[in-house]
Amino acid sequence: MAQLRLRIVSSEDNVRAIMNLLQSLEGIEHVEEVADLMPHMDDPDSSSAGLHDTRGAETHEVEVEIPNPATARKVRDAIETLAFDLDAFVEIETDEQE
């Protein structure tokens, strides 16, 4: 069983659309949005301390359990196509488990 970790930079609606797509694909074991464990706080000594937050779209972390490499390729292709259509940024990381 392998796991894909997605980092999606886009709106809530676009993230929901990507998750709905993943849940509709045959062979997907589990899809879950996980909490971001990194605090996003200003460092008081930073040169950007106190500046307006201009980060733009939010970052979302999604984990997907997949049974085999063929399904992983299918998932990657589907995500890339939809992300392009939605103008969303998606980073995909693979965690192969034996």
Side-chain angles (χ1 to χ4, degrees):
M1 179 92 41
Q3 186 175 60
L4 294 179
R5 282 198 247 355
L6 311 176
R7 182 171 296 116
I8 305 169
V9 180
S10 193
S11 68
E12 287 281 338
D13 291 338
N14 290 348
V15 173
R16 195 171 312 114
I18 292 170
M19 289 181 67
N20 288 342
L21 168 72
L22 291 169
Q23 291 169 342
S24 72
L25 295 175
E26 185 177 333
I28 298 298
E29 302 290 328
H30 182 74
V31 178
E32 179 180 6
E33 184 169 8
V34 294
D36 187 3
L37 301 177
M38 287 292 295
H40 299 284
M41 301 167 56
D42 275 343
D43 180 357
D45 295 332
S46 171
S47 62
S48 61
L51 293 179
H52 179 68
D53 184 10
T54 58
R55 282 184 286 171
E58 293 184 30
T59 301
H60 303 267
E61 305 282 333
V62 176
E63 291 182 351
V64 184
E65 290 183 14
I66 52 175
N68 56 52
T71 302
R73 283 189 298 278
K74 180 173 69 172
V75 167
R76 283 178 183 269
D77 291 344
I79 290 171
E80 288 173 2
T81 301
L82 183 57
F84 181 80
D85 290 344
L86 297 174
D87 198 27
F89 174 79
V90 180
E91 179 182 13
I92 303 172
E93 195 176 291
T94 305
D95 179 19
E96 297 284 337
Q97 297 178 356
E98 296 180 24

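Between atom CZ of residue Arg5 and atom CD of residue Glu91 there is a gap of 11.0 Å, rounded to the nearest 0.5 Å. Put simply, CD on Glu63 and NE2 on His30 are 7.5 Å apart, with the number rounded to the nearest 0.5 Å. Here the straight-line distance linking atom CD1 of Ile79 with atom CD1 of Ile92 works out to 4.5 Å at 0.5 Å rounding. To the nearest 0.5 angstrom, Glu61 atom CD is 12.0 Å from Glu32 atom CD. With rounding to the nearest 0.5 Å, the separation of CG in Asp77 from CG in Leu25 is 10.5 Å. Distance check: Glu26 CD to Thr71 OG1 gives 8.0 Å after rounding to the nearest 0.5 Å.
Pairing each heavy atom of Gly27 with each of Pro67, the nearest pair is O-CD, 2.9 Å.
For the 3.5 Å distance criterion, the side chains of Arg76 and Thr94 qualify, holding a donor opposite an acceptor.
Residue Asp87 qualifies as open at atom CG: its count of foreign heavy atoms under 6.0 Å is 12 or below.
At a threshold of 4.5 Å between side-chain heavy atoms, the hydrophobic network of Ile, Leu, Val, Met, Phe, Trp and Tyr places Ile66 and Leu82 in one connected group.
Side-chain atoms of Glu80 and Val90, non-hydrogen and from C-beta on, never get closer than 4.5 Å to each other.
Each of Leu86, Ile18, Asn14 was checked for a side-chain contact (heavy atoms from CB on, under 4.5 Å) with Ile8, and the lone residue meeting it is Ile18.
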Can you list the steps and then say if Leu22 with Leu6 is a side chain to side chain contact (heavy atoms under 4.5 Å, CB included)?
CA-CA 11 Å; Leu22 291 169; Leu6 311 176; 3.7 Å; yes
